[in-house]
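For ligands, and for the atoms within them, numbers begin at 1 and follow the listed sequence.
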Amino acid sequence: MLYNSTENKQEVVSASQAIAQGISKDGGLFVPQEIPGYSLDTFKSMLTLDYKGIAKKVFSDYLSDFSEEEISECVEKAYTAEKFGSDNPAPLAFKSYNGNEVNILELWHGPTCAFKDMALQILPHLLTKSLKKTNDGKDAVILVATSGDTGKAALEGFKDVEHTKIIVFYPVDGVSPMQKHQMNTQEGSNVKVCAIEGNFDDAQTGVKKIFTTEEISEKLNDNNMMFSSANSINWGRLLPQIVYYISAYCEMVNSSKIKLGDKINVVVPTGNFGNILASYYAYCMGLPVNKFICASNSNNVLTDFINTGVYDKNRDFYTTISPSMDILVSSNLERLLYKLSGDNDIVTGDWMTKLKTEGKYEVTDEVKEKIKASFYGGYCDDVKTKATISKMFKEENYLCDTHTAVAVAVYDNYVSETGDKTPTVIASTASPYKFSNAVLSAVNNGEKLDMSEFDMVDKLNEISGVDVPKPLASLKDKKSRFSDVVKVDEMPEYVLNALGVK
Ligand SMILES: *Cc1c(COP(=O)(O)O)cnc(C)c1O
């Protein structure tokens, strides 16, 4: 199977090239030229597989220049019970909310307690194999822009991985204290963490710019290095995320919530549009899905886009209690637009150019209709988010994090608006302990407590009785290693310095 750029169909690469390179030279994203189709019989045969088995099947259908042995090795190393707490790294919790069943897909049992681990525990293995196949011994420099969770998950995945270096940029005031502490205490000899003065979009734009600056790439090349990406613009990030939508479907069938072939709805708290796009790819492969419910916080650019077909990032930016979704430029939307426009690289490229120059574009009526047919967009603000955490805790004694709560709230609206009772899977993207301040005040009747981060963790544990994940508990006594803060235009210099390249 080959991949091409969303902005230039002539740019065709192998799977390993797509993963090694991360992003196409023209600025477009790599997409598979054909999506493998699964029949109901294929899904039936997957009902008896464990998570690793499903992962191996999906990976082998997309990564045609990897051998079965290579794929098996990557999967076995990534999804261990040691790292994810059990043999099922993505279990469903069967709950209800406001009288409706919700099946919560817990994607945060990995080493950094956010769903990013599902992809970033395997990406380093895929990437080192890809580098061997394609780039005669060059070291990969992973540049990451993070709204909090990707950074830590990528650091943890790539720490001390041979032939890689990783540099993470995060918005100085745009992540939770726990997220900041997780990143700044990161161990490993090949890691760097730096805050930038700006928001996530500034960090992401800065990183994209470094990627596409010829002069910098040449300098790296002279030093036997090349850039790659661990952000969800990298196909190697998206592919692993397809797996858990299939495994969730199988678990729904196996636990008699649905029959094989029945449709489900999928609700995803969305930022960069990576996670929800993975579910859409699963659907394109044949997974029976009725609606994709795209949940946003007050940064509701996607809600408006789904409702009007106009993407307009010229709006106020809000810092919310669900910081991993504080994003106005959702990079992976580009892949959806490419697909819905009938693999049209020209119009996709035009829209992306408009986004860069005017901050705004409008898709065709045809694309608008396709979006409306499959997607529902909704959003909720911080007050509603906290109320949802509180209500869920009172009703079910179930603690969800701020991002998951946004998804639950938007789903609740969707059901009241549409009356649609299709069985539904809600992606739960982080442990509540990553956002203790907001979650604690939500379950503590809105009362703010003047406490240190780790005292809040203890208090939340006392109130909820929910265990604190070990990786977070063990951070308490760790010393900070990184404290750099730079301006956006200083990012290139920071990178070259960090790499010791002149
Ligand atoms: C990254 C993240 C999101 C958003 O996921 P996208 O793939 O960027 O849409 C939502 N919730 C949490 C906790 C995250 O870390």
Side-chain angles (χ1 to χ4, degrees), residues 29 104-120 123 144-156 168 170-171 174-176 178-180 182-183 200-201 203-204 229-235 237-242 244-245 266-281 292-297 299-303 305-306 320-336 375 377 379-380 385 389 400-410 426-436 438-439 469 472:
L29 309 185
I104 300 198
L105 179 58
E106 295 181 345
L107 299 171
W108 40 263
H109 291 284
T112 76
C113 308
F115 88 94
K116 307 294 199 292
D117 289 326
M118 298 302 299
L120 283 162
L123 180 65
V144 180
T146 184
S147 54
D149 291 327
T150 295
K152 178 61 184 180
L155 288 161
E156 200 54 42
V168 171
Y170 70 88
V175 302
S176 82
M178 184 63 93
Q179 290 176 317
K180 196 178 273 194
Q182 277 187 302
M183 288 190 278
F200 169 75
D201 292 315
Q204 178 160 258
S229 167
N231 280 99
S232 54
I233 52 175
N234 192 324
W235 177 251
R237 262 289 297 279
L238 272 186
L239 176 58
Q241 297 179 196
I242 295 174
Y244 50 72
Y245 289 104
V266 173
V267 190
V268 186
T270 296
N272 226 355
F273 210 77
N275 202 3
I276 194 166
L277 183 73
S279 71
Y280 189 75
Y281 275 117
F292 299 89
I293 297 163
C294 175
S296 302
N297 64 24
N299 296 296
N300 57 359
V301 63
L302 285 168
T303 311
F305 175 67
I306 290 167
T320 72
I321 57 172
S322 43
S324 300
M325 294 153 70
D326 291 347
I327 292 177
L328 293 179
V329 180
S330 298
S331 299
N332 272 297
L333 193 60
E334 177 167 354
R335 286 186 164 111
L336 180 73
F375 288 84
Y379 76 100
C380 101
T385 305
I389 293 171
C400 57
D401 96 291
T402 48
H403 305 76
T404 309
V406 167
V408 172
V410 169
I426 298 184
S428 174
T429 49
S431 157
Y433 286 104
K434 282 195 104 163
F435 307 95
S436 295
V439 175
L472 297 183

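Remark: the backbone N or O of Gly274 is not paired with any side-chain donor or acceptor of Ser232 at under 3.5 angstrom. With Asp117 contributing its side chain and Thr112 its backbone, the two residues share a donor-acceptor pair below 3.5 Å. Side-chain atoms of Ser428 do not come within 3.5 Å of backbone N or O of Leu105 as any donor-acceptor pair.
A distance below 6.0 Å separates the ring centres of Trp235 and Tyr281.
From Arg335, atom CZ reaches atom CZ of Phe273 across 12.0 Å, with rounding to the nearest 0.5 Å.
Counting only heavy atoms from C-beta outward, the side chains of Asp149 and Lys434 approach each other to under 4.5 Å.
Each of Phe115, Lys116, Asp149, Pro269, Thr270, Gly271, Asn272, Phe273, Gly274, Asn275, Ser324, Met325, His403, Thr429, Ala430 has a non-hydrogen atom positioned under 4.0 Å from some atom of ligand 1.
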